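A short worksheet on the structure shown next.
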Amino acid sequence: VQLQASGGGLVQAGGSLRLSCAASVDSFSTYAFNWYRQAPGKQRELVAGISTGSGTPKYADSVRGRFTISRDNAKNTVYLQMDSLKPEDTAVYYCNTDYAVIHGTFVRFDYWGQGTQVTVSS
């Protein structure tokens with residue numbers, strides 16, 4: 001499993017960015033995905049997740065209503081649309097997959113992408 005994150009950059013507070021995570025997997029729709037972030041001096045935290053198939057999203061309280069996670073199963077890609085960005089959203093953002101449902105069997109694992117830097121200026 002290979003995960004390639006992209007889309008980070010520098011943006012002013014109130015602006016938007018869209019992160020992409022391209023996954024090199026077979027049967028992409030059977031995998032669940034997450035976005036985590038890690039700010040300097042802080043622990044890595046879960047930002048958003050999306051389940052298999054059409055995907056049920058979940059969000060951290062700190063980003064709910066501002067961030068939207070989605071998936072395009074035809075393109076093997078997961079997105080994180082980030083709106084109304086705040087300086088406290090500044091972090092390295094990582095794509096992760098931690099389970100799949102393969103032939104009806106729940107399979108757990110832990111794969112990470114390389115991270116993409118998001119910097120929000122005030």
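These figures come from a predicted structure and were not determined experimentally. Just so you know, residue 1 is the first one in the sequence shown, and it goes up from there.
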- Message: Working note: Val101 + Val107, criterion side-chain contact (heavy atoms from CB on, under 4.5 Å); need CA distance, chi angles, decisive distance, verdict.
- Response: CA-CA 6 Å; Val101 181; Val107 180; over 6 Å; no
Answer with yes or no whether the hydrophobic clustering places [X] together with [Y]; edges join I, L, V, M, F, W, Y residues whose side-chain heavy atoms lie under 4.5 Å apart.
X	Y	answer
Leu85	Tyr59	yes
Val63	Tyr36	no
Tyr111	Val92	no

- Note on the structure: Quick note, disulfide bond (SG atoms under 2.5 Å apart) partners involving residues 38-82, not counting sequence neighbours, are none
- Item | Contact list for residues 42-122, test disulfide bond (SG atoms under 2.5 Å apart), sequence neighbours left out | Cys21-Cys95
- Query: Just by distance, do the side chain of Thr116 and the backbone of Ala5 share a donor-acceptor pair under 3.5 Å?
  - Reply: no
- Message: Would the distance check show the side chain of Thr97 and the main-chain N or O of Tyr31 forming a donor-acceptor pair, the cut-off being under 3.5 Å?
- Response: no
Only pairs under 3.5 Å count here: list side-chain donor-acceptor contacts from residues 40-49, not counting sequence neighbours, and write none if there are none.
| from | atom 1 | to | atom 2 | distance (Å) |
| --- | --- | --- | --- | --- |
| Glu45 | OE2 | Arg37 | NE | 2.6 |
| Glu45 | OE2 | Arg37 | NH2 | 3.2 |

Set of side chain to side chain donor-acceptor pair (under 3.5 Å) partners for [X], sequence neighbours left out:
X	answer
Asn96	Asn34, Asp110
Ser51	none
Gln81	Asp83
Glu88	none

- Query: side-chain contact (heavy atoms from CB on, under 4.5 Å) between Trp35 and Leu19: does it pass, once the steps are laid out?
  - Reply: CA-CA 9 Å; Trp35 285 99; Leu19 305 183; 3.7 Å; yes
- Tell me the ring pair (Phe, Tyr, Trp, His ring centres under 6.0 Å) pairs involving residues 60-104, sequence neighbours left out? Tyr99-Phe106
- Message: Please give the remaining members of the hydrophobic cluster of Leu10, linking ILVMFWY side chains under 4.5 Å, ordered by chain and number.
- Response: none
- Query: Shortest non-hydrogen contact from Ala39 to Ala91?
  - Reply: N-CB, 3.8 Å
- Message: So which atom in Val120 and which in Thr90 form the shortest heavy-atom distance, rounded to 0.1 Å?
- Response: N-OG1, 2.9 Å
- Query: Taking only residues two or more places apart in sequence, or in another chain, which ones meet Asp61 in a salt bridge (Lys or Arg N to Asp or Glu O under 4.0 Å)?
  - Reply: Arg64
- Query: Who passes salt bridge (Lys or Arg N to Asp or Glu O under 4.0 Å) against Arg66, sequence neighbours left out?
  - Reply: Asp89
- Query: Does some side-chain heavy atom of Val11 sit less than 4.5 Å from a side-chain heavy atom of Thr119?
  - Reply: no
Roughly how far, to the nearest 0.5 Å, is [atom2] of [Y] from [atom1] of [X]?
X	Y	atom1	atom2	result
Arg108	Asp98	CZ	CG	5.5 Å
Arg71	Ile50	CZ	CD1	6.0 Å
Thr68	Met82	OG1	CE	11.0 Å

- Could you walk me through whether Val78 and Ile69 pass the side-chain contact (heavy atoms from CB on, under 4.5 Å) check? CA-CA 7 Å; Val78 178; Ile69 189 170; 4.0 Å; yes
I'd like a table of donor-acceptor pairs (distance under 3.5 Å, sequence neighbours excluded) in which one partner is a side-chain atom from residues 22-29, with atom names and distances.
none

- Query: Given the rule in the side-chain contact (heavy atoms from CB on, under 4.5 Å) test, do Val1 and Phe109 qualify, once you have shown the distances and angles that lead to the verdict?
  - Reply: CA-CA 10 Å; Val1 175; Phe109 38 73; 5.6 Å; no
